[in-house]
Amino acid sequence: MRELLEVQAGVVSRAQMITAGATDNDLRRLVRRRRLARVHPRVYVDHTGPLTWAQRAWAATLSCTPAALADESAIRAAEGPGRRRHDDGRPILVAVDHTRRVRAPVGVVAVRTVGLDDKVLWNASPPRMRTEHAVVRMASKASSDIDAVAFLADAVGARMTTGSRLADALASCARIGRRPFLEAVIADVTAGTCSTLERGYLDRVERPHALPTATRQFRDSVNGPLYRDALYVDLDLVVELDGRMYHSVARRHDADLERDLDAAVARLATIRLGWGQVFDRPCRTAASLGRIMAAHGWAGEVARCPRCPPTYPIAA
């Protein structure tokens, strides 16, 4: 039992204690003497104070055993305590086999998962979903496309997994949201390109809002050989698509790009757009580009696309 407590951050289940040779009388005596305290039904910790996140994680997996940390809880465990981006007060997510119906205790959410054994590291401490499977699941459920990109890019950038493993994890999911988008972004993460962002600009911003057609990948050698993402020759205007995936600071980077776009309204000749402008706010981006292009001599009008809200001032 002492060995179990050491390995499991001071958390133990009744079943483990019985297997180790304890009796229910022993358990009641330890609780009465405050050597153990109840966390969940049939799960105990070796002190009476506040629980650490690791103790909550162990208690969650033991309360639903066989179970493993899932999704954001699995990522939190894989990253360790050094990173502070996680809210340790949130419920612990645990993956259980899809055939089971588990009544999870307060503070724990059970996620029924198909093919559980293939997606879990049972020898981890505590058991957890493999990083690539957790990341793909989180990206598929993200509140926005830029957040989905952030989950994928963060995991690869931190060397927690690889693009090929993410691709394999996605392929193993029979049903998952955002599949075509995730496939494209994972391919970009693996190859180090931003073709998904380039296609998104064409399909979400330029074409549906009737903006002028740009010359793409224009070779410019004024300052040495380089390629312009989208050159509007008649307007002396360049749109550069910033597909860098340093998304551990995705929202701050996105805010910087948004300020660049607003500054471009003041007739600056180069516009740099990122994932947020293209995938989260394509209509607002098109409206801003229309004003910039008008300042550079474009006589056309920005069209309203099916995504534009009815009250959106597209021509503002």
Side-chain angles (χ1 to χ4, degrees), residues 139-140 142-150 152-153 177-185 187-188 193-220 226-245 247 250-316:
S140 73
S143 59
S144 67
D145 287 335
I146 191 173
D147 287 335
V149 173
L152 299 171
R178 283 194 176 97
R179 183 185 295 277
F181 178 73
L182 296 181
E183 288 175 341
V185 174
D188 284 356
T193 66
C194 59
S195 58
T196 304
L197 184 58
E198 293 168 2
R199 288 194 299 271
Y201 175 73
L202 177 64
D203 295 338
R204 290 178 174 237
V205 179
E206 187 181 276
R207 281 179 178 169
H209 296 98
L211 295 177
T213 301
T215 300
R216 288 175 162 74
Q217 295 301 315
F218 178 80
R219 191 176 190 275
D220 188 349
L226 57 84
Y227 289 87
R228 302 293 187 186
D229 290 332
L231 172 65
Y232 297 91
V233 179
D234 295 339
L235 304 177
D236 293 327
L237 191 66
V238 172
V239 171
E240 296 289 0
L241 298 166
D242 192 334
R244 290 176 297 173
M245 294 189 179
H247 281 77
R251 285 301 180 190
R252 185 175 64 190
H253 181 54
D254 183 48
D256 290 342
L257 290 171
E258 190 68 15
R259 285 194 294 272
D260 289 346
L261 180 59
D262 291 337
V265 175
R267 302 195 179 193
L268 298 180
T270 300
I271 303 137
R272 188 172 298 274
L273 303 177
W275 294 94
Q277 283 79 23
V278 171
F279 283 96
D280 281 2
R281 302 176 296 281
C283 301
R284 183 188 188 281
T285 298
S288 296
L289 287 174
R291 295 174 62 191
I292 297 164
M293 291 175 175
H296 283 260
W298 181 49
E301 293 184 0
V302 180
R304 187 181 300 277
C305 82
R307 292 191 182 93
C308 291
T311 58
Y312 192 80
I314 194 68

Check your understanding: What is the minimum heavy-atom distance between P309 and R304, and which atoms define it?
Key -> O-NH1, 3.1 Å
Point to revise | Side-chain touch L197/W275, heavy atoms, less than 4.5 angstrom | key: yes
Exercise for review: Taking the side chain as every heavy atom from C-beta outward, state whether F181 and T196 have any atom pair closer than 4.5 Å.
Suggested key: yes
**Study point:** Results of side chain to side chain donor-acceptor pair (under 3.5 Å) for R178 - residues two or more places apart only
**Key:** D145
Check your understanding: Got a second to check how far D147's CG is from L152's CG, nearest 0.5 Å?
Key -> 11.0 Å
Check your understanding: Looking at V205, D280, V278, which one forms a side-chain contact (heavy atoms from CB on, under 4.5 Å) with T285?
Key -> V205
Check your understanding: Taking all non-hydrogen atoms of both residues, which atom of H209 and which atom of R204 are closest, and how far apart?
Key -> CE1-O, 3.2 Å
Review point. Can you name the side chain to side chain donor-acceptor pair (under 3.5 Å) partners of Y232, sequence neighbours left out?
Key: Y201, E206
Point to revise | Distance, nearest 0.5 Å, that separates CZ of R281 from CD1 of I146 | key: 6.5 Å
**Study point:** Minimum heavy-atom distance between A148 and L182, given as atom pair plus value
**Key:** CB-CD2, 4.3 Å
Check your understanding: With no hydrogens and no angle check, is any side-chain donor or acceptor of R207 less than 3.5 Å from a backbone partner on T213?
Key -> no
Review point. Which atoms form the tightest heavy-atom contact between G177 and S140, and what is the distance?
Key: O-CB, 3.4 Å
Review point. Rounded to the nearest 0.5 Å, how far does CD1 of I271 lie from CG of L237?
Key: 4.0 Å
Check your understanding: Are there more than 12 heavy atoms of other residues, nucleotides or ligands under 6.0 Å from atom CG of D203?
Key -> yes
**Study point:** Straight-line distance of E301 CD to L211 CG, nearest 0.5 Å
**Key:** 12.0 Å
Exercise for review: Check whether any side-chain heavy atom of P212 sits under 4.5 Å from a side-chain heavy atom of L235, and report yes or no.
Suggested key: yes
